[in-house]
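Contents: one structure, followed by commentary.
Counting convention: from 1, in listed order, for ligands and their atoms alike. These values consider heavy atoms only, across backbone and side chains, with no hydrogens, waters or symmetry-generated copies. Model, not experiment: these values are computed from the prediction.
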Amino acid sequence: MSDKRRGRLIVFEGVEGAGKSTQLERLDGHLARAGVPHRAFREPGGTVLGDSIRALLLDPLSTISARAEALLFMASRAELVSRELRPALEAGTIVFLDRFFLSTYAYQIAGRDLAESDVRSANTMATHGLVPDVTLLLTLSADVGLRRAERRSTTDRIERSGREFHTRVELAFREFTTREWQAAHEECGPIVALDASGDADAVEALVFDAVTSRFPELRTAFGAAA
Ligand code: T5A
């Protein structure tokens, strides 16, 4: 398909509690203070349909089979891509996205053991070929991430999937940082691994370097916000 976009799609990925939302909020704050137009979304969600799907997927009381789960994530994604991401990118907007299809590859292929070929085909339909300009993959052990996430008062259905499940997810994310894996999965675009084990300020410095080295035009925005 033709790609008419002029904006940038910057995706954050990683295990539970890796610090994606924290870093996105910080970036959002910098750009807002500098007056740089941008949008931020999270998956699942970001549309009326997606938010309903998110509630179903994360409800600890929901019982959802692995295939249905994968397709629900895809339905939320298809809606977000067509209604929000593509229009924003075509309008020249910088778009930040908290999780995208690397999460499906980690959670549904590695975590739930679904066939990679099935999930990739469904994902192609959902994204309609949209490739991120960069994915910042916050690397952290599943144990540390879950401990961070569990500080909240509630845990969702997927967080409750068990340690073995989350270890498979962690290992998948680690594999995604390798050159071999990326060469075999061109739909993912460039992936930059950032060590998320430091405190939030240390991770923010890594995010700043990764974003401004790839998109130097944003350096001014950060400078103006500092
Ligand atoms: N999913 C999603 C799939 O299975 N398949 C898919 O295709 C997709 C898209 C989404 C769930 O759906 C799954 C993955 C998820 O299980 P969610 O609530 O959006 O649910 O889940 P997460 O994205 O994992 O959200 P979390 O909030 O759990 O993780 P974050 O955003 O990475 O972490 P954050 O920033 O909220 O931080 C968590 C805690 O740690 C602290 C924060 O203050 C907070 O208390 N923290 C740090 N502590 C120490 N050091 C740091 N550097 C810290 N950074 C943050």
Side-chain angles (χ1 to χ4, degrees), residues 11-29 40-47 50-51 53-60 62 64-81 85 96-114 116 118-120 122-123 125-127 132 135-163 165-166 168-170 172-173 176 187-188 194-208:
V11 176
F12 282 74
E13 287 280 9
V15 297
E16 311 287 323
K20 301 175 298 297
S21 315
T22 302
Q23 295 304 325
L24 261 165
E25 270 172 33
R26 289 178 176 218
L27 263 179
D28 191 48
F41 299 95
R42 69 176 175 189
E43 277 210 359
T47 62
D51 288 340
I53 292 174
R54 179 182 179 88
L56 270 176
L57 279 166
L58 299 188
D59 183 349
S62 296
I64 304 177
S65 65
R67 282 170 181 279
E69 178 183 272
L71 291 170
L72 285 169
F73 279 114
M74 298 302 181
S76 173
R77 179 165 305 142
E79 193 75 355
L80 184 68
V81 167
L85 302 188
F96 297 111
L97 183 53
D98 189 343
R99 296 194 182 279
F100 198 28
F101 57 86
L102 277 191
S103 283
T104 322
Y105 289 11
Y107 284 79
Q108 279 65 51
I109 297 174
R112 302 285 191 226
D113 202 21
L114 291 180
E116 174 168 322
D118 290 349
V119 173
R120 281 179 90 180
N123 186 59
M125 186 172 173
T127 63
T135 295
L136 305 180
L137 206 173
L138 303 188
T139 60
L140 191 69
S141 82
D143 276 352
V144 173
L146 282 171
R147 275 203 297 279
R148 286 183 187 172
E150 282 164 5
R151 280 190 225 132
R152 287 188 288 252
S153 54
T154 54
T155 51
D156 64 47
R157 187 182 65 85
I158 293 178
E159 281 166 352
R160 295 179 186 196
S161 297
R163 295 276 160 177
F165 171 86
H166 287 289
R168 289 197 295 279
V169 169
E170 175 197 334
F173 274 125
F176 301 165
E187 73 273 27
C188 297
L194 302 177
D195 178 2
S197 62
D199 65 21
D201 289 345
V203 180
E204 184 181 2
L206 297 176
V207 169
F208 171 87

*asked:* Is Gly111 close enough to touch ligand 1? Criterion: a residue heavy atom under 4.0 Å from a ligand atom.
replied: no
*Is ligand 1 less than 4.0 angstrom away from at least one heavy atom of Gly14?*
no
_With a heavy-atom distance limit of 4.0 Å, tell me whether Glu13 approaches ligand 1 through its side chain, its backbone, both, or neither._
neither
*ligand 1 contact on Arg152 by region, counting heavy-atom pairs under 4.0 Å*: side chain
_Students should be able to answer this: which protein heavy-atom is nearest to atom 18 (O) of ligand 1, and at what distance?_
Arg54 NH2, 3.2 Å
*Check each of Thr104, Asp98, Val144, Asp195 against atom 7 (O) of ligand 1 and report the one with the nearest heavy atom.*
Thr104
*Identify, by atom number and element, the atoms of ligand 1 in contact range of Ala200, meaning under 4.0 Å from any of its heavy atoms.*
51 (C), 52 (N)
*Residue part near ligand 1, for Arg99, under 4.0 Å between non-hydrogen atoms*: side chain
*How close does the nearest protein non-hydrogen atom get to atom 20 (O) of ligand 1, and which residue and atom is it?*
Leu58 CD1, 3.7 Å
_Give me the nearest non-hydrogen protein atom to atom 15 (C) of ligand 1 as residue plus atom name, then the distance to 0.1 Å._
Glu16 OE2, 3.4 Å
*Report yes or no: does Gln23 have a heavy atom closer than 4.0 Å to ligand 1?*
no
*Of all the non-hydrogen atoms in the protein, which one sits nearest to atom 33 (O) of ligand 1, and at what distance?*
Gly19 N, 3.3 Å
_Heavy atom to atom 35 (O) of ligand 1, shortest distance: which of Thr22, Leu102, Leu97 holds it?_
Thr22
*Is the closest basic N to carboxylate O distance between Lys20 and Glu43 below 4.0 Å?*
no
*Which part of Asp199 is near ligand 1, with near meaning a heavy atom under 4.0 Å away: side chain, backbone, both or neither?*
backbone
_Side chain, backbone, both or neither: which applies to Arg42 and ligand 1 if a contact is any heavy-atom pair less than 4.0 Å apart?_
neither
*Top protein contact for atom 49 (C) of ligand 1, by heavy-atom distance*: Arg148 NE, 3.3 Å
*Compute both the distance and the angle, then confirm whether Arg112 meets the cation-pi test with Tyr107: under 6.0 Å from the six-membered ring centre, within 45 degrees of the axis.*
no
*Heavy atoms only: which of Phe100, Phe73, Phe101 is nearest to atom 3 (C) of ligand 1?*
Phe73
*Can you find a protein heavy atom closer to atom 44 (C) of ligand 1 than 4.0 Å?*
no
*Could you check whether the rings of Tyr105 and Phe101 sit parallel, tilted or perpendicular, using 30° and 60° as the cut-offs?*
tilted
*Can you tell me if Glu170 uses its side chain to pair, donor with acceptor, with the backbone of Thr139 under 3.5 Å?*
no
*Hey, which atoms in ligand 1 end up nearer than 4.0 Å to a heavy atom of Glu159?*
28 (O)
*Check Glu69 against ligand 1 and report side chain, backbone, both or neither, counting heavy atoms closer than 4.0 Å.*
neither
